[in-house]
Structure formats: structure tokens, C-alpha cells
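A quick write-up on the structure given underneath.
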Protein chains: 2
Amino acid sequence: MPVEPARGRGGIPEATVSRLATYLGVLNNLASAGVATVSSGELAATAGVNPAQLRKDLSHLGSYGIRGVGYDVAYLRFQLDQNIGSAEHWPVIIVGVGNLGRALVNHAGFSSRGFRVSALFDVDPALVGSRVEGLPIHHLSDLASVVRDPLVTIGVLTVPGEHAQPVADTLVDAGIKCLLNFAPINLAVPAQVTVRKVDLGSELQILAYHRQMSLADAISAEGLVPGGYGHSGE
Amino acid sequence: MPVEPARGRGGIPEATVSRLATYLGVLNNLASAGVATVSSGELAATAGVNPAQLRKDLSHLGSYGIRGVGYDVAYLRFQLDQNIGSAEHWPVIIVGVGNLGRALVNHAGFSSRGFRVSALFDVDPALVGSRVEGLPIHHLSDLASVVRDPLVTIGVLTVPGEHAQPVADTLVDAGIKCLLNFAPINLAVPAQVTVRKVDLGSELQILAYHRQMSLADAISAEGLVPGGYGHSGE
DNA sequence: ATCTGTGAACCAATTCACAGCT
DNA sequence: AGCTGTGAATTGGTTCACAGAT
């Protein structure tokens, strides 16, 4: 009996989900720009993927295109929104109001997609009670009462690495089901909780690797190419 | 004759490079904690990967472990640093001193890995000339003179989406070879330039998808909905 | 004629399982 | 005995190429 590959509950592979999120962002922009129709080729180019990939990704949701024509921007956007989870439905809380947390409170990339930050939390007495962008900062111990609303299930974790695990535990206990973790550690959470990690230090490290490699290439090319010049700059 | 799969110049697959960056972070922590030796199992657990995966990843660099024992933390850390690019060698510039850019100036995740932000740029006259964390904000038009240092090749792009492409062009012209792009658009750059995109809006969107899926599962498990959902009301 | 939707083919990445060293 | 290093097997992901719809 052939076993289906491990997938999100809805049967959509993780890699596809990630790209669908990107497509939705592009469609939002196209809609704002008044574009009515788009082909897989155009949409794929804007999103930076192969057209066949885009079509296959969309095929996981259904057939929302028109053969010979392309996709209706408004309709496809609506369907993506329906299928992958409308941002309006899920208020977001931010835990850890340091520089990064503060920067995310009215981050354009959140609001342009319809996400709303509904509450802020910290443990620093100097912060609790004050406001950022009009939002009051609650003490983490008030989490349970503020998060009683069952729709509040997405938490952004911008606390120092050494506090991330206990704070995550607190969030999970309060009913948070999804975490965006900016701390550079791997969080242990129950299976039903989804964590995505954004490790900005690692991102720089990866870039440093690429830099080092292309430099190494340049040096060895200088040594290998007789006469010392390669192709004219491209 | 089997052809090697497309890889980074150094022959290390992208997925592996990304994890190596994570391992290096973990090793930094272990070293600070005074741990002298670690097994693939322990290291893998901390990094959140399978032990076999970790060993295979490390095998791309060489044989730095001791059979029957594990890895010497200091030595493995040194080797990773050598192999994937020591952070100290690559000063970073930040372009776009909005909330996010400001938050990254002294981001703990950068400095704990040894990355140093060496200059800030913006075009807003209200910002140019002032300082953030002691660093002066230069006008973007001064980029070429400030970035004359050939080691400055990593740029962090925290400008609004609509400005990201022209600003990226300016950076590339000035000799920047690696970009960490926080704008939610796909940048077009020459082949020799490496771009990594961090799309925080998409990250939330992906979490929203998972939330929606587990909610749908819970509802269908309750028996309210026999199977999925039909077509939109017709 | 054109562009979508998709099985089939291909390629990359992960995991297994065990040989080989300490 | 214990743990690393790695070919082989497996799984997952991408691209091709064309059938099918408008």
C-alpha cells in the first residue's frame, strides 16, 4: 500500500506552502496595481520560480486558471486566501518588546498582508504598562487572560535566546498554536504546535559562505588561467 | 559518468550550507558553556536534525570527528569557521534605517556570531547625518566611497518594497556581492551576486496555513463535516 | 493559438544501515 | 563497545512535455 509522503494536514507539501505564501503576496501587489489577469509565466517570473512549478503548486488547491488565458487576479487571490488561511482571521501577538519586537509591531510586510498585531508582552517592569504604536505592553503573566480569545493562536517570539524555551512553554500553555521564533535556538514544543524559525545570524553566515567561495574561486582562477584574464566582465 | 548535482562553488549543497550555519551557532554556545566534546547525536538534537544528517553534512568538509568518541567542540568550531567563512572577515552594511534596520544594528544574533555592522545608509534627509548606536547614517549616494573597502561585500536591505530593486542595483554597482533582502519582492541581480530573502509576511502566512489546517482537522474530527468542503455556494 | 493542468522523468536531499576506526 | 563516515536505498521536490480546455 503506497504511503502518501509526509505533508501538512491539508495534503500540501511544505515547500509548496511556502511558495503559495509568496504568490499571495505578489497577487496582492498585482491587485493593488489594478492588474486583472496574469499568466503562470508572468506570475512565476515575479515570484522568482519556474512556471511549471507555479502551476503544479496551484494545482494542489484546484483548477482556478483559464486555459489559453491565465488566471483572474482577484479570483486566484481569493482562492489562495481561502485555501491557505486568510490573514484577517488570525491576530498576532508579539512576545519580547526589544528592538526587533518593536520593529515588527507595525512592520509593513505584516500589515500589507492583512495581519494585525493585537497585543504585546514582556517581563521587563520598565516596559510593562507603556505603549508601542498605541499598543499597551502586558506582563507575560497576563498572557492567559489576554489570549482567552481562541483566535489568537499566532505568536512572534522576539526574546533573547536564553529565555526563548521557557517563554515558548508559557505561550503553548496559554493555547498558542503557531510560533515565529527569532531566537537562535531550536524550540521543543508539542507536536500540535507549529514553529517557524528565523535565524538572522545564520542567514548572514550563509552569505559569508558564498562570499568566501566566490573569492576562493577568483583566486584559483587567477592561478589557473594562463595570462591571467578571464572573460570580460559579465 | 555521473554528473555532480548543481552546487555552491565549494561543492556543498545549499541545504547543507544552511544547516552548517546552524551547527556553528550551536557550537558557539557549547564553547561558551565550556563543553569540550559532543557526539553527533547530542549536536543533532540541539540543532533539531537527524544525527545521520549532521554527520553527512560535516562529511562535506572533512573528517573532523573521532570515532567512538565524538567531536572536539573547539576544533570542529574552528574548522566550520574556516570552511564556511569566518564572520569577523566580513563587515556588514545596513541600507534602510527604518524600524527594522535600526533593530538589526546591534542585533544580538549578529554580534554573537562575530558579525559587525560597519556602516548605515538611507536617503531620508531627516536621518542622514544622525547616528544609531554610535554609527553615523550616510546618504546612499556616498555608498561608493564608504564601501571602497573590498571586504565590505555583505549588505542588509531593509528598505520599502517599492525601493528595493533600484537600491539593490546601486549596491551591486558599488561592489556588494551578497544581499540579505527583507523587502517582499524578488530582486533581479547579476549571477555573481548572492541574495537571500527573508519575507516575514510570508512566514506569518505559512503559520496561518498550518493553523487553518489543524482547525479544519479538528472540525472534521468532530464529525461536523464529512469530508473537506464542497464547491463555493452555487 | 494559447496557456493551463498533470503524469512521467529527472534530480536533489534525507535516512538507513553498516563498515571502519579508536 | 561506541561513534563516526559513507555507499545504498528511499523519499521528496522539480522540471519536462504534452494532453486538454478555451
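No experiment lies behind these values; they were computed from the predicted model shown. Here is the naming used below: chain letters follow the sequence lines, and residue numbers restart at 1 for every chain.
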Rounded off to whole Å, could you give me the OH-to-C1' distance for the A:Y23 and C:dT4 pair?
14 Å

On DNA chain C, check which nucleotide each of B:Q53 and A:I66 is closest to and give me the residue with the more 5' one.
A:I66

Those residues that, when tested against B:Y64, pass ring-ring contact (aromatic ring centres under 6.0 Å, His included) (two or more places apart)
B:Y75

Do any side-chain nitrogens or oxygens of B:Y71 fall under 4.0 Å of OP1 or OP2 in D:dG5?
yes

With a 3.5 Å cut-off and no angle check, do the side chains of B:S202 and A:R113 form a donor-acceptor pair?
yes

For A:V73 and A:A31 the tightest heavy-atom approach is CG1-N, 3.9 Å

Using atom OH of A:Y64 as one end and atom P of D:dT22 as the other, report the distance to the nearest whole Å.
16 Å

From D:dT6, D:dT14, C:dT4, pick the nucleotide closest to the side chain of B:S59?
D:dT6

Could you write out each protein N or O paired with an N or O of nucleotides 8-10 of chain D at a distance under 3.5 Å?
unit_1 : atom_1 : unit_2 : atom_2 : d
D:dA8  : N6     : B:K56  : NZ     : 3.3

Can you check whether any acceptor in the base of D:dT22 is under 3.5 Å from a donor in the side chain of A:R67, or vice versa?
no

Measuring to OP1 and OP2 of C:dC3, would you say a side-chain N or O of A:S40 lies under 4.0 angstrom away?
no

Sequence neighbours excluded, which residues qualify as salt bridge (charged side-chain N to carboxylate O under 4.0 Å, His left out) partners of A:E42?
none

Should B:S39 be listed as having a side-chain N or O under 4.0 Å from OP1 or OP2 of D:dC3?
no

How would you list all residue pairs meeting salt bridge (Lys or Arg N to Asp or Glu O under 4.0 Å) that involve residues 72-81 of chain B, not counting sequence neighbours?
none

I need the B:R116 CZ to B:I154 CD1 distance, nearest 0.5 Å.
14.0 Å

Once you round to the nearest 0.5 Å, how far does CD1 of B:I206 lie from CG of A:L24?
11.0 Å

Using a strict heavy-atom distance below 4.0 Å, which residues from residues 44-52 of chain A are in contact with DNA chain D?
A:N50, A:A52

Tell me, please, which residues at least two apart from B:R196 pass salt bridge (charged side-chain N to carboxylate O under 4.0 Å, His left out).
A:E203, B:E14

